Amino acid sequence: MKLFPVFTALGAVGIAVGHWLTFEVAPMERTMRAAQRIFYFHVPSAWLTYIGFILCFGGSIAYLYNRKAKADAFALAAAEVGLLFGLIVVTTGPLWAKAAWGVWWVWEPRLTSMALLMLIFAAYWVLRTYGGRGEGVRRFAAVLAVFGAPNILFVHDAIRRFGGAQHPDEVVKSGLTNDMRVVLYPSLFALLIVFGLLLHLRYRAHRDQLTVRAIRRRLARLGA
Amino acid sequence: MSRPLFRALGLAAACLMLPVGASLAQPAEAPAAAASAASPAQPAAATTEAPAKAGFQQVERAENLRYRHLWMAYAVIWLLVFGFAFRTWQRTRDTGAELDELKRRLAELEARNG
């Protein structure tokens, strides 16, 4: 438990350093100019979206296997945090696209598959939030996550497999200069800590909800 | 437990405003101008041009737009993160209060029933 404040402080410092690097240290890109600096939080957010949905996939598999409510709570928390970072990706992406390409959105493979992935997990979240608390809803949502998460492979591999001239996919693998890497990885590390803290808080909130329901059932049995 | 998170995130928000503000305040061509001013090849030109460059200079609209989009993107990121963290904190607080109340009622009931 004492690790929480340590990681919180580490995350806060990491974010401050990440922003300082992004706005002060990162070199100005020749064609996209200032708008390219969106990259340093946009790309790590996309990776964290993948991690969130992969954790949701793992939690859902565990829930379907052992029917433990904690696994289900973890899957829901991971999906929520994944959706948060996905929302960051799909809002900062068009802002970058408008500045770099002159359009808000292009129906190219990476963007389209990312939109589909987001819709699948948005459906998961809506189902869990408004679909009631029954066992059937949980199982259905878990199956949705298990079938939805492999779409990450399509999103990740979209440009190599299906083409797409606009999205700078290969840049991350080979076109980054060392000056840019020095900014990208600390930003990723800072956001990873924020991701972990939010996941922890969200999971704890869902676990507390489980405890509340258990006590309510017990009170009902005692006739209160 | 979530209170340190909010204190630290508040501090981080204040810290991150400094480089963002400083960066936005810079004219877009400042590094190039600084580089040309520092160039030893044309020292006379650099010194004669200096007073003219000290005044207001209009940046082309596209350049301005890129800064605006950059600013908007980072504003969106932190609005979403802080909004999510705030909602989570509210939920944890409400659930915690409900949990305390239910535990108290349960203890009373168990004590009454023996």
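Naming convention: chains lettered A, B, ... in sequence-line order (proteins, then strands); numbering from 1 in each chain. Note that the coordinates shown come from a computational prediction; the quantities given were computed from them, not determined experimentally.
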Let me see the working for B:T95 and A:T211 under side-chain contact (heavy atoms from CB on, under 4.5 Å), right down to the final yes or no. CA-CA 10 Å; B:T95 311; A:T211 315; over 6 Å; no
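- Contact check for A:R204 versus B:R91: no side-chain heavy atoms found under the 4.5 Å cut-off.
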For B:L102 and A:L219, run side-chain contact (heavy atoms from CB on, under 4.5 Å): C-alpha distance rounded to whole Å, both residues' side-chain angles, the deciding distance at 0.1 Å, then the answer. CA-CA 8 Å; B:L102 287 173; A:L219 281 170; 3.6 Å; yes
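- More than 12 non-hydrogen atoms from other residues, nucleotides or ligands lie less than 6.0 angstrom from OH of A:Y50.
- Atom OG1 of B:T88 sits about 6.5 Å away from atom CG of A:L198, to the nearest 0.5 Å.
- Heavy-atom distances place the side chain of A:L191, and not its backbone, under 4.5 Å from chain B.
- In A:R133, the CZ atom is not crowded: 12 or fewer heavy atoms of neighbouring residues, nucleotides or ligands sit closer than 6.0 Å.
- The contact between A:T22 and chain B is made entirely by side chain atoms (from C-beta outward), counting heavy-atom distances below 4.5 Å.
- Of all non-hydrogen atoms in B:L80 and A:L84, the two that sit nearest each other are O-CD1, 3.5 Å.
- Scanning both residues, A:A205 and B:T92, for their nearest heavy atoms gives CB-OG1, 3.9 Å.
- Surrounding CZ of A:R218 are at most 12 heavy atoms belonging to other residues, nucleotides or ligands under 6.0 Å away.
- The heavy-atom pair separating B:W78 from A:H19 by the smallest distance is NE1-NE2, 2.8 Å.
- What you find for A:R202 and B:R87 is that their closest heavy atoms are NH1-C, 4.4 Å.
- Within the 4.5 angstrom heavy-atom criterion, atoms from both the backbone and the side chain of A:E80 approach chain B.
- One finds the CZ atom of A:F39 at 13.5 Å from the CG atom of B:L70 (value rounded to the nearest 0.5 Å).
- Looking only at distances, no side-chain donor or acceptor of B:H69 sits under 3.5 Å from a matching main-chain atom of A:W96.
- Comparing A:T91, A:L95, A:D208, A:T92 by how many heavy-atom pairs each has under 4.5 Å with chain B, the most go to A:L95.
- In this structure, B:M72 and A:K98 have side chains that are not in contact, with every pair of non-hydrogen atoms separated by 4.5 Å or more.
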Test log, rule side-chain contact (heavy atoms from CB on, under 4.5 Å), inputs A:F85 and B:F84: CA-CA 10 Å; A:F85 280 93; B:F84 185 86; over 6 Å; no
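- For A:V17, no part lies near chain B; criterion is any non-hydrogen pair under 4.5 Å.
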